Amino acid sequence: IIERTISAEMGKGSVAHNSRQFKAANVDPERTSLNRRYCNRNIKKVYEELFGEALEKYNAKQTRSDRKIKNYYEKIRTSKQEKPFTELVMQIGNHEDTNAQSEFGAKAAEILDEYMKGFQERNPHLRVFSAYLHMDESTPHLHIDFIPYISGSKRGLSTRVSLKKLLKHRDSKAKVRRTM
């Protein structure tokens, strides 16, 4: 048995970097063809799919025009409370024990690939719009960019962006399961 660490980091994210629209200094362009693209959708279109109906209903209820939201994506993008998306980066091992060009790197890529294939099903309220497995850096790692959202909200839009409320809701469900 060979032990490896698994690291997960949530952060701001850079879709342009993940899709290789620009390449950082640590990227080996000769191995970029080995990267895997799971999805790369336009975030504004995904926002329309997720929130378009809720936005229409919200705006229809408003009696004052200054309370209407013209563009929900722009509202969230410029918000101080929420951000338009969250990125999860998953990695197994490090550049010393799981180099992307090694046998262990290939196994790590296989595990990350399997993890990604079931991610959306396991996390239905984290809408994935961009996901890549990078093999052109020192260690294989997975970038998953998603929009966290909740449904059934009583205030504001009935379906809206909220990582904090989503995690709070999931945590309270887990507590109920543990006490039963």
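These numbers were taken from a predicted model, which means no experiment stands behind them. Every heavy atom of this structure was used, including side-chain atoms; hydrogens, water molecules and symmetry mates were not.
Counting only residues at least two apart or in different chains, salt bridge (Lys or Arg N to Asp or Glu O under 4.0 Å) contacts with residues 138-158 are absent. Every pair passing side chain to side chain donor-acceptor pair (under 3.5 Å) that includes a residue from residues 102-119 is listed here, sequence neighbours excluded: Y38-D113, K107-E110, D113-K117. Contacts classified as salt bridge (Lys or Arg N to Asp or Glu O under 4.0 Å) and involving residues 16-27 (residues at least two apart or in different chains) are given here: R20-D136, R20-E137.
T139 and I92 make their closest contact through CG2-O, 3.7 Å (heavy atoms, listed as atom of the first residue, atom of the second, distance). In this structure, R36 and A109 approach most closely via the heavy-atom pair NH1-O, 3.7 Å. Minimum interatomic distance between P140 and M135 (heavy atoms only, all atoms of both residues): CB-SD, 3.6 Å. Residues C39 and V128 come closest through the heavy atom pair SG-CG1, 3.6 Å. Taking both residues in full, the closest heavy atoms of K68 and N59 are given as CA-OD1, 3.2 Å, listed atom of the first, atom of the second, then distance.
Hydrophobic cluster membership for F22: none, as no Ile, Leu, Val, Met, Phe, Trp or Tyr side chain comes under 4.5 Å of it. The hydrophobic cluster containing L157, built from Ile/Leu/Val/Met/Phe/Trp/Tyr side-chain heavy atoms closer than 4.5 Å, also comprises V15, I43, V46, Y47, L50, F51, L55, Y58, I69, Y72, Y73, I76, F85, F129, I147, Y149, V161.
The CG atom of L112 sits 6.0 Å away from atom CG of L133, with the distance rounded to the nearest 0.5 Å. One finds the CD atom of E49 at 15.0 Å from the NZ atom of K44 (value rounded to the nearest 0.5 Å). Separating the CD atom in E82 from the NZ atom in K75 is a distance of 10.0 Å, to the nearest 0.5 Å. Separating the CG atom in L142 from the CE atom in M116 is a distance of 6.5 Å, to the nearest 0.5 Å. Separation of atoms CG (L166) and CG (L126) is listed at 5.5 Å; rounding is to 0.5 Å. With rounding to the nearest 0.5 angstrom, the CD atom of E96 is 14.0 Å from the CZ atom of F104.
Using a 4.5 Å heavy-atom cutoff, the side chains of R37 and Y132 are in contact.
With sequence neighbours left out, E48 forms a salt bridge (Lys or Arg N to Asp or Glu O under 4.0 Å) with no residue at all. In terms of the side-chain contact (heavy atoms from CB on, under 4.5 Å) criterion, residue partners of V89 (sequence neighbours excluded) are, by chain and number, E87, H141, H143. S19 is linked by a side-chain hydrogen bond (donor to acceptor under 3.5 Å, both in side chains) to Q21, counting only residues two or more places apart in sequence or in another chain. Taking E53 as the reference, K57 meet the side-chain contact (heavy atoms from CB on, under 4.5 Å) condition, with sequence neighbours excluded. Considering only residues two or more places apart in sequence or on other chains, E56 meets the side-chain contact (heavy atoms from CB on, under 4.5 Å) condition with none of them. Legend: residues meeting side-chain contact (heavy atoms from CB on, under 4.5 Å) with A8, ordered by chain and number and at least two apart, are L88, M90. With sequence neighbours left out, the side-chain hydrogen bond (donor to acceptor under 3.5 Å, both in side chains) criterion links R160 to S153.
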Problem - Working for side chain to side chain contact (heavy atoms under 4.5 Å, CB included), residues R127 and Q120 - result: CA-CA 7 Å; R127 179 63 58 90; Q120 187 67 81; 4.0 Å; yes
